[in-house]
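So that the names make sense, note that chain A is the first sequence line, chain B the second, and so on, each numbered from 1.
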Amino acid sequence: MKQTFSKKERLVRQRLITGLFADGSSFHCSPFRITWQFSPFPIPAPVQILISVPKKNFHHAVHRNLIRRKIREAYRLNKQQLHDSLLGNNRQLLFAVYYTSKEILPFEIIQGKIILLLQRLIEENEKVTG
RNA sequence: GCAACAGAUCGUUCUGUCGUCACAUUCAAUUGUGGAGGAAAGUCGGGACAACAAAGAGCACCAUGCUUCCUAACGGGAAGGGUUCUGGUUCAUUCCAGAAUACAGAAAGUGCCACAGAAAAGAACCGCCCUGCUGUGAUAGCAGGGUAAGGGUGAAAACGCGGUGUAAAAGACCACGCUCCUGCCGGGUGAUCGGUGGAAGGGGUAAACCUCAUGGGUUGAAAGACCAAGUAUACCAGCUGUUAAGGGUAGCUCGUCCAAUGCUGGAGGGUAGGUCGCUAAAGUUUGAUGGUGACAUCAAACGGAGAUAAAUGACAGAAAAUUACAGAAUCCCGCUUAUAGAUCUGUUGCUUUU
RNA sequence: GGCCCCGUAGCUUAACUGAAUAGAGCAUCUGACUACGGAUCAGAAGGUUGAGGGUUUGAAUCCCCCCGGGGUCA
């Protein structure tokens, strides 16, 4: 079981990002808003993820860094099932995680919510397949 | 000893698992080493560095404003002087200590000074005094003049206090004192201090306009250099054409540069990408020397963040312990602001002992 | 990374060339009118002028420094 989070798994290309926010579908999962899309172009990893914490809610860079690191850590530890599901259908996914809460939540809660939303993405994948 | 306040210094460490950025290593997997701060923050000053087919001169504009020094430079810092305030002390702003200080010029000029008050800056409303006229037993009334001694005001009232003087008064004059301009002597590099003489009498406000002195070219790493891909038409050179308007040069004037359009040739903008700029620095620590000090010089040692949607995290354990303010983006020097806890220093209060 | 602007009653704003009770409209409350409500009329309350310091006799206004909000530059 791989728990790495290298640069290949991060959403970096500006063309893909603008395409994602223009055409992707989205849902809300308590402190997060998710925008996702099956990749129209081949990418080097099964999933590419973009994490965003708005400056409007957190003025200090330290707090933004802290939240982003917690989200990234939670995703890194729990991503394997989503990867397996996508590899099974030979499909690639782009998604953006947008933190909407105005408070800094502890790691356990963030991890629970991340697991929930990954389950939902797996369901979406299975639905399209089925 | 405890508590509160203020200032200064330090401002978590180690182990394991998983992961991350850079570099080295390897064909690769891997492995190894290193990886945020005292403020990285605010962007308030000052530089380094870079560009600008010249960035020049005058005015305007902006900033600064006791002196000497430090520094690459500064609106920063050090030492000193003046002024003000506080505390103690003394016959006495006398002396000492601490704190604050945008601290050049108000005798170059202009403006403003609400309410109150006669009057807020070329003061006669009341009062006081003199003269003339009218009138009375007397007080008085009117007209002309002198006068800042007195008048409930106000933040501030025309140098203070005492005397001389006068019809009544007045720095009108005198002694003492204050302030200001200035000559001389002495101390100090100087601000300025002490002494002595001359001339003068002044309301406040320059963080109102202003005057004087000094400084300032403009724009900022989104600066800028290079590489590959690549095409509208900016740009350059030559020729043709126009002849004085116009445009650039931060605002105005001078000065200076450019020159419609067309043709020929060269060649490039936007966009997305890569390399450099990019970290060795006016560097840090220790010691010696010089200096009251900021700091400077010399010697030795150290000198391992460098990303580009952007790296330090998560979990568990241990150290008494759950932990402050807070995250590099070209780099420095300051200033300002935020800071749990620990240590030190000072002030105040309480308690105990002598 | 750089630059610029703005904070006044619950809301929208005056007063920004210093002058003492910071003015107005909407909203709120009380009373009148009405059988009741609305509209209308009369009255009242509501401001540490974002915070702190300074200049001045006097600061919303001038100066310094923080806090908050907004805009702009590829």
Side-chain angles (χ1 to χ4, degrees):
Chain A
M1 179 162 154
K2 283 176 74 178
Q3 292 182 333
T4 58
F5 184 70
S6 66
K7 187 138 191 179
K8 291 175 184 177
E9 301 177 52
R10 298 181 207 178
L11 184 46
V12 173
R13 311 287 292 195
Q14 190 161 11
R15 197 175 297 167
L16 292 178
I17 293 168
T18 49
L20 172 64
F21 281 103
D23 303 328
S25 44
S26 61
F27 60 89
H28 203 262
C29 181
S30 201
F32 303 111
R33 198 180 70 218
I34 310 300
T35 304
W36 64 276
Q37 186 189 29
F38 292 115
S39 177
F41 306 105
I43 53 176
V47 182
Q48 281 196 338
I49 180 171
L50 178 150
I51 300 166
S52 176
V53 182
K55 197 175 190 177
K56 209 154 200 170
N57 295 344
F58 299 97
H59 301 291
H60 294 301
V62 169
H63 297 156
R64 291 199 299 275
N65 278 348
L66 183 66
I67 292 164
R68 198 190 42 186
R69 284 164 181 165
K70 285 180 175 178
I71 295 169
R72 200 184 59 201
E73 203 65 19
Y75 169 74
R76 182 177 70 78
L77 293 172
N78 298 287
K79 67 180 178 175
Q80 194 59 44
Q81 207 175 348
L82 178 63
H83 278 216
D84 292 342
S85 168
L86 287 163
L87 285 171
N89 294 322
N90 198 19
R91 203 174 269 143
Q92 291 173 318
L93 187 75
L94 307 172
F95 77 101
V97 177
Y98 194 86
Y99 191 80
T100 53
S101 173
K102 293 192 177 177
E103 291 151 16
I104 301 168
L105 298 169
F107 179 74
E108 292 79 33
I109 295 175
I110 288 176
Q111 190 171 19
K113 294 289 180 184
I114 287 283
I115 289 169
L116 262 177
L117 70 90
L118 289 176
Q119 285 296 327
R120 172 138 181 200
L121 284 172
I122 290 166
E123 284 170 26
E124 294 278 352
N125 183 31
E126 301 294 334
K127 206 188 297 173
V128 171
T129 311

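Judged as a side chain to side chain donor-acceptor pair (under 3.5 Å), and not counting sequence neighbours, the contacts of A:R68 are A:N65. Partners of A:H63 under the ring-ring contact (aromatic ring centres under 6.0 Å, His included) rule, at least two apart in sequence or in another chain, are A:H60. A:E123 is linked by a side chain to side chain contact (heavy atoms under 4.5 Å, CB included) to nothing, counting only residues two or more places apart in sequence or in another chain. Legend: residues meeting ring-ring contact (aromatic ring centres under 6.0 Å, His included) with A:Y98, ordered by chain and number and at least two apart, are absent.
Side-chain contact of A:S25 with A:Q37: a donor-acceptor pair under 3.5 Å is absent, judged by distance alone.
Taking atom C1' on both B:rU343 and B:rG11, the two are 11 Å apart, rounded to the nearest angstrom. Straight-line distance between the C1' atoms of B:rA309 and B:rG38: roughly 29 Å, to the nearest whole Å. Across B:rU164 and B:rC142, the matching P atoms stand 37 Å from one another, rounded to whole Å. Of the P atoms belonging to B:rG45 and B:rC49, the separation is 22 Å, rounded to the nearest Å.
A:H60 has its NE2 atom 13 Å from the P atom of B:rA324, to the nearest Å. One atom, CD1 of A:I71, and another, C1' of B:rA309, lie 15 Å apart when rounded to the nearest Å.
Linking ILVMFWY residues whenever their side-chain heavy atoms come closer than 4.5 Å, directly or via other members, places A:L118 and A:F27 in the same cluster.
Mapping heavy-atom proximity under 4.0 Å, the span of RNA chain C touched by chain A runs 5' to 3' from C:rG69 to C:rG70.
Residue A:L50 is the one, among A:L50 and A:V62, whose nearest nucleotide of RNA chain B lies closer to the 5' end (criterion: closest heavy atom).
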Are any protein N/O atoms closer than 3.5 Å to N/O atoms in nucleotides 310-314 of chain B? If there are, list each pair with its distance.
residue	atom	partner	partner atom	Å
B:rA311	OP1	A:R68	NH1	3.2
B:rA311	OP1	A:R68	NH2	3.3
B:rU312	OP1	A:R72	NH2	2.7
B:rU312	OP2	A:R69	NE	3.2
B:rU312	OP2	A:R69	NH2	2.8
B:rG313	N2	A:E73	OE2	2.4
B:rG313	N2	A:R76	NH2	3.1

